[in-house]
There are 2 protein chains.
Amino acid sequence: MPRAASSHAAMVPAASPWDGVAERLRSNGLRWTPQRRTLVDVLREHEGHVTATELIARCRERDQTTTPSTVYRTLDVLEDFGLVRHGHGPDGREEYHVLPDQVHGHLYCVACGATWEIRPETGAAIVDALAADLGFDVDLSHVTISGRCQTCCRE
Amino acid sequence: MPRAASSHAAMVPAASPWDGVAERLRSNGLRWTPQRRTLVDVLREHEGHVTATELIARCRERDQTTTPSTVYRTLDVLEDFGLVRHGHGPDGREEYHVLPDQVHGHLYCVACGATWEIRPETGAAIVDALAADLGFDVDLSHVTISGRCQTCCRE
DNA sequence: TACACTAGCGCAACGACTTGCAATAGCGCT
DNA sequence: AGCGCTATTGCAAGTCGTTGCGCTAGTGTA
Ligand SMILES: [Mn+2]
Ligand SMILES: [Mn+2]
Ligand SMILES: [Zn+2]
Ligand SMILES: [Zn+2]
């Protein structure tokens with residue numbers, strides 16, 4: 001007998017890359033722990049960018065015993081699976097992209113503090129320039145460029 | 001009567017940008033302290049790149065009482081004068097360029113750990129691409145791009 | 001369900017900065 | 001040479017990560 005939910009297609013939530021994490025970990029000899037579940041639950045509801053510090057805080061909301069080192073280590077594992085990707089702000093602080101649809105770099109204005117994603121074409125231009133230069137294969141996701149935005153350039 | 005040394009042009013060392021630091025600081029209402037002198041003496045004999053940690057160690061060789069916070073603060077003021085420029089390695093750690101002849105970014109291979117300076121033309125390509133993108137004015141000196149070098153790409 | 005194997009956890013210590021604050025000491029001025 | 005103003009210093013404490021270690025607890029297997 002089919003499960004009740006499966007007969008109502010409209011109620012089935014869109015498949016999320018997070019759905020298979022537990023199995024994916026286990027099939028690689030890794031483990032699915034309560035601590036990892038907590039972090040994944042937090043990541044589930046975060047589309048876009050988050051700092052590691054903020055993730056730790058969110059985890060602690062759900063599980064007061066959350067430890068930073070465990071979160072950092074789990075983020076490393078998830079990054080190996082491509083589920084998150086990190087970069088560094090101009091101060092060197094870590095910033096995570098959750099479920100990056102497409103790899104992209106960042107722009108920071110040192111004057112006003114605003115940030116933007118580097119557009120795909122622009123990112124490609126950078127990648128191409130460096131491929132031509134030394135045959136270097138750029139990891140765009142880890143690129144953070146600082147400078148002044150158009151608005152701040154005009155004072 | 002002229003000083004003895006000034007009559008022997010061959011013995012006069014080439015003017016160094018460091019020679020005027022003391023006056024430059026004072027004329028800006030800042031001070032020339034023993035601690036700053038120590039750091040400048042260290043920087044004098046360092047052409048190229050150095051980490052802040054290494055600079056602190058070198059200072060401590062000359063003055064055992066050197067304090068990290070003082071060194072960091074002095075590096076900040078020297079950077080304001082354009083005498084050093086810092087960037088961040090892939091791990092976010094600071095790296096200083098002493099007397100940067102021309103502003104340039106860096107390339108790090110995450111596989112073999114090697115590093116290169118981005119060539120001027122390539123740097124210009126990056127600057128241009130972002131100027132076109134959002135009218136963003138890139139600070140090339142603070143750019144660190146990681147990825148895989150040609151050698152490591154071929155495994 | 002019981003077991004053994006080992007991945008992952010919490011903790012404590014460390015590294016690289018940063019910041020607030022009270023005491024010190026350059027500097028310009030007389 | 002002496003003064004006073006305030007830029008700097010040293011220190012302590014804090015933040016963001018990273019790492020080594022002994023103990024715990026997921027997992028696959030029987
Ligand atoms: Mn910086
Ligand atoms: Mn990184
Ligand atoms: Zn701006
Ligand atoms: Zn390499």
Side-chain angles (χ1 to χ4, degrees), chain A residues 20-40 49-60 62-81 84-96 110 113 142 144, chain B residues 20-40 49-60 62-81 84-96 110 113 142 144:
Chain A
V21 216
E23 290 66 34
R24 236 171 126 187
L25 289 174
R26 279 193 280 255
S27 69
N28 278 72
L30 305 181
R31 294 172 189 175
W32 183 239
T33 65
Q35 295 83 346
R36 290 183 173 177
R37 193 177 173 352
T38 302
L39 176 56
V40 167
H49 310 126
V50 220
T51 63
T53 305
E54 188 173 337
L55 288 173
I56 292 171
R58 293 260 180 287
C59 283
R60 218 187 293 270
R62 297 175 178 248
D63 173 3
Q64 211 217 320
T65 72
T66 299
T67 293
S69 55
T70 297
V71 175
Y72 283 113
R73 284 191 276 230
T74 300
L75 283 168
D76 283 349
V77 172
L78 297 178
E79 191 157 11
D80 288 341
F81 283 89
V84 300
R85 199 112 267 170
H86 86 276
H88 298 268
D91 51 0
R93 212 158 292 171
E94 290 184 345
E95 200 158 281
Y96 282 85
V110 297
H142 210 272
T144 294
Chain B
V21 217
E23 290 65 33
R24 235 170 128 189
L25 288 174
R26 279 192 281 254
S27 69
N28 278 72
L30 305 182
R31 293 172 189 177
W32 183 239
T33 66
Q35 294 84 347
R36 290 182 173 177
R37 193 177 172 354
T38 302
L39 177 56
V40 166
H49 310 127
V50 219
T51 62
T53 305
E54 188 173 338
L55 288 173
I56 293 170
R58 292 260 179 288
C59 283
R60 218 186 292 270
R62 296 173 178 250
D63 173 1
Q64 211 216 320
T65 72
T66 300
T67 294
S69 56
T70 298
V71 175
Y72 282 113
R73 285 191 277 229
T74 300
L75 284 168
D76 282 349
V77 344
L78 295 178
E79 190 156 12
D80 288 341
F81 283 91
V84 299
R85 199 111 266 169
H86 85 277
H88 298 268
D91 51 1
R93 210 159 294 170
E94 290 184 346
E95 200 157 281
Y96 282 84
V110 296
H142 209 272
T144 294

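Order of the sequence lines fixes the chain letters, A, B, ..., with proteins taken first and strands second; residue numbering starts at 1 for each chain. In this text, all values refer to a predicted model and were calculated from it rather than measured experimentally.
With A/R24 contributing its side chain and A/F81 its backbone, the two residues share a donor-acceptor pair below 3.5 Å. In this structure, the side chain of B/R36 does not engage the main chain of B/V21 through any donor-acceptor pair within 3.5 Å.
Taking atom CG on B/D91 and atom C1' on C/dG15, their separation rounds to 11 Å, with Å as the unit. For the pair B/L25 CG and C/dG28 P, the computed distance is 11 Å after rounding to whole Å. Taking atom CG on B/L39 and atom P on D/dT9, their separation rounds to 10 Å, with Å as the unit. Counting to the nearest Å, the P atom of D/dG10 and the CZ atom of B/R60 are 11 Å from each other. One interatomic measurement links the two molecules: CZ of B/R26 to P of D/dC5, which rounds to 22 Å at whole-angstrom precision. Counting to the nearest Å, the P atom of D/dC16 and the NE2 atom of A/H86 are 16 Å from each other. Per the geometry, NE2 belonging to B/H88 stands 16 Å off P belonging to D/dC16, to the nearest Å. Rounded to a whole Å, the OH atom of A/Y96 is 11 Å from the C1' atom of D/dC16.
Comparing atom distances between the B/R93 side chain and each of D/dG17, C/dA16, D/dT27 picks out C/dA16 as nearest. Ranking C/dG28, D/dG17, C/dC9 by closeness to the A/T74 side chain, first place goes to C/dC9.
A close approach under 4.0 Å does occur between a side-chain nitrogen or oxygen of B/Y72 and OP1 or OP2 of C/dC17. Remark: A/T53 is in phosphate contact with D/dG17, judged by side-chain N or O atoms under 4.0 Å from OP1 or OP2. Put simply, A/R31 has no side-chain N or O that comes within less than 4.0 Å of OP1 or OP2 on C/dG8. For A/T51, no side-chain nitrogen or oxygen approaches OP1 or OP2 of D/dC16 to under 4.0 Å. In this model, the phosphate group of C/dG10 is approached by a side-chain N or O of A/Q35 to a distance below 4.0 Å at OP1 or OP2. Taking only side-chain nitrogens and oxygens, B/R36 comes nearer than 4.0 Å to OP1 or OP2 of D/dT8. Taking 4.0 angstrom as the limit, B/T67 places none of its side-chain polar atoms (N or O) nearer than this to OP1 or OP2 of D/dT9.
Atom CZ of A/R60 has more than 12 heavy atoms from other residues, nucleotides or ligands within 6.0 Å. For CD of B/Q64, the number of neighbouring non-hydrogen atoms (other residues, nucleotides, ligands) closer than 6.0 Å is 12 at most.
Each of B/D76 and B/S27 was assigned the nucleotide of DNA chain C with the nearest heavy atom; the assignment lying further toward the 5' end belongs to B/D76. In this structure, B/W32 and A/L30 both approach DNA chain C, and ranking their closest nucleotides by distance from the 5' end singles out A/L30.
Under the 30°/60° scheme for interplanar angles, the aromatic rings of B/H142 and B/H86 are found to stand perpendicular.
Here A/S69 lies in heavy-atom contact (under 4.0 Å) with a base.
Atom OG1 of A/T144 sits about 9.5 Å away from atom CG of A/D91, to the nearest 0.5 Å.
In the interface, the side chain of B/R73 is paired with the base of D/dG10 through a donor and an acceptor atom under 3.5 Å apart.
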